[in-house]
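Worksheet for the structure shown next.
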Amino acid sequence: MLVHPSAIDLSNRGLRFLAQHLTRRQREMGPRWRKLPAGQQALLALAHLRRGDTYAQLAAGFGVGIATGYRYIHEAINVLAAVAPTLEQVVTAASTKAYLILDGTLLPIDRIAADRPFYSGKHKKHGMNVQVTTDPFGRLIWALPALPGATHDITAARTHQVIDALAEADIKCFADKGYQGAGGTVVVPFRGKHRNLSAGKQAVNVAHAKVRAVGEQAMATLKGWRLLRKLRCSTTWITDIVKAVLTLHLASA
């Protein structure tokens, strides 16, 4: 396999952050020979997450076996997922915000044997439903654990108790029509076709849409990690990958 130098469009902060946590983990595990130092292992994991490079490509580029590359990447993802923010931490941080924006996105996956729960009728493809919260400026704050793509947005939010947590903290949250009936502090647009609504309701819906549009930046942030554009791993592994990406994003911000 031919090997060539390449670049990763990330800051050094994310690399240093991951390398430090890998070094700490290695110290906890005790002396053990490794093919790559923590810094190179971190770089290998970042190349996989950010660029979507395969295990074979990374193994050739870093001079390790495919099994070793696989093990190093999974170790890095586990380390990052372990330090991802919890719902309680997110709510505490969000209490200083004027409001939040809640939306869902579908992370495409390969078809699997039990594919029906993972097929999204809305998106017409198989994937995992991931709920995302952003601040008023569209900055990604939290990505919830992934659920099968057939899960409706409001069901996903309720499953992870986001709506109740925001209501208890009295944090206003803007969401689209998919969250109708959520209650609490979730604000949704008026139902019905725009032309059939009164002028007042039309104005409210237009203003509501402008607020929510900012949240699309968070979706672009997630999809900037190419691995998430088409996941070819076990569906049980996707939540940890999303947590790892979120942790790296927050560490690099």
Side-chain angles (χ1 to χ4, degrees), residues 80-107 120 122-123 127-192 197 200-201 203-225 228 238-253:
L80 291 168
V83 296
T86 63
L87 176 58
E88 292 74 17
Q89 292 170 330
V90 170
V91 170
T92 299
S95 61
T96 61
K97 311 291 184 182
Y99 58 85
L100 295 183
I101 302 170
L102 175 65
D103 202 357
T105 188
L106 187 80
L107 301 181
S120 169
K122 176 181 177 181
H123 298 276
M128 299 293 286
N129 180 311
V130 173
Q131 300 291 299
V132 172
T133 58
T134 66
D135 68 8
F137 301 98
R139 291 178 298 218
L140 179 62
I141 293 179
W142 197 42
L144 283 66
L147 292 173
T151 307
H152 293 289
D153 286 340
I154 188 172
T155 301
R158 284 173 172 165
T159 299
H160 298 304
Q161 302 180 332
V162 175
I163 297 172
D164 291 340
L166 295 177
E168 185 175 345
D170 195 27
I171 300 173
K172 182 181 291 188
C173 178
F174 287 84
D176 62 26
K177 294 179 181 179
Y179 299 86
Q180 289 280 356
T185 55
V186 178
V187 181
V188 297
F190 290 105
R191 298 183 66 177
L197 299 175
K201 290 183 177 180
V204 170
N205 279 7
V206 169
H208 192 283
K210 289 181 179 178
V211 171
R212 289 188 292 105
V214 180
E216 292 298 324
Q217 296 178 29
M219 303 304 179
T221 296
L222 277 182
K223 298 300 175 68
W225 297 79
L228 299 182
I238 293 175
T239 288
D240 280 346
I241 293 176
V242 173
K243 286 183 177 181
V245 166
L246 174 65
T247 301
L248 284 170
H249 169 73
L250 296 177
S252 302

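Worth saying up front: this structure is predicted, and the values here are computed from it rather than measured. Index from 1, following the sequence.
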Working for side-chain contact (heavy atoms from CB on, under 4.5 Å), residues E168 and V91
CA-CA 10 Å; E168 185 175 345; V91 170; over 6 Å; no
Let's go through T105 and D103 carefully: what are the C-alpha distance in whole Å and the side-chain angles of both, what is the deciding distance for side-chain contact (heavy atoms from CB on, under 4.5 Å) to 0.1 Å, and is it a yes or a no?
CA-CA 7 Å; T105 188; D103 202 357; over 6 Å; no
Apply the test side-chain contact (heavy atoms from CB on, under 4.5 Å) to residues V187 and Y99: give CA-CA distance (whole Å), side-chain angles for both, the deciding distance (0.1 Å), then the verdict.
CA-CA 10 Å; V187 181; Y99 58 85; over 6 Å; no
Derivation of the side-chain contact (heavy atoms from CB on, under 4.5 Å) call for K201 and N205
CA-CA 6 Å; K201 290 183 177 180; N205 279 7; 5.6 Å; no
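Here the OG1 atom belonging to T92 is positioned 8.0 Å from the CD1 atom belonging to I171, to the nearest 0.5 angstrom. Remark: C173 SG to L102 CG distance equals 4.5 Å, nearest 0.5 Å. Separating the CG atom in L100 from the CZ atom in F174 is a distance of 10.5 Å, to the nearest 0.5 Å. Separating the CD1 atom in I238 from the CG atom in L147 is a distance of 11.0 Å, to the nearest 0.5 Å. Expressed to the nearest 0.5 Å, how far CG of L228 lies from CG of L106 amounts to 11.5 Å.
When all heavy atoms of P189 and K177 are compared, the pair lying nearest together is CG-CG, 3.5 Å. Nearest heavy atom pair, residue G149 against residue S120, reads O-CB, 3.5 Å. Residue V130 comes nearest to A146 through the heavy atom pair CG2-CB, 3.8 Å, listed as atom of the first residue, atom of the second, then distance. Heavy-atom minimum distance, I141 versus L246: O-CD1, 3.9 Å. Summarising the geometry of R158 relative to A182, their closest heavy-atom pair is NH2-CA, 3.9 Å, with the distance given to 0.1 Å. When every heavy atom of P85 is checked against every heavy atom of V90, the shortest pair comes out as CB-CG2, 4.1 Å.
No donor-acceptor distance shorter than 3.5 angstrom exists from the side chain of T151 to the backbone of A156, with no hydrogens or angles considered.
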If you look only at distance, which donor and acceptor atoms sit under 3.5 Å apart when one is on a side chain in residues 211-219 and the other is two or more places apart or in another chain?
residue: R212; atom: NE; partner: H208; partner atom: ND1; Å: 2.9

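No more than 12 heavy atoms of other residues, nucleotides or ligands sit less than 6.0 Å from atom CD of Q161.
Here the options are L87, L144, T155, the test is side chain to side chain contact (heavy atoms under 4.5 Å, CB included), and the partner is H160; only L144 passes.
Screening residues 128-144 for side chain to side chain donor-acceptor pair (under 3.5 Å), with sequence neighbours left out, gives N129-Q131, N129-D153, Q131-D153, Q131-Y179, D135-R139.
With contacts defined as side-chain heavy-atom distances shorter than 4.5 Å, the pair I241/L107 does not qualify.
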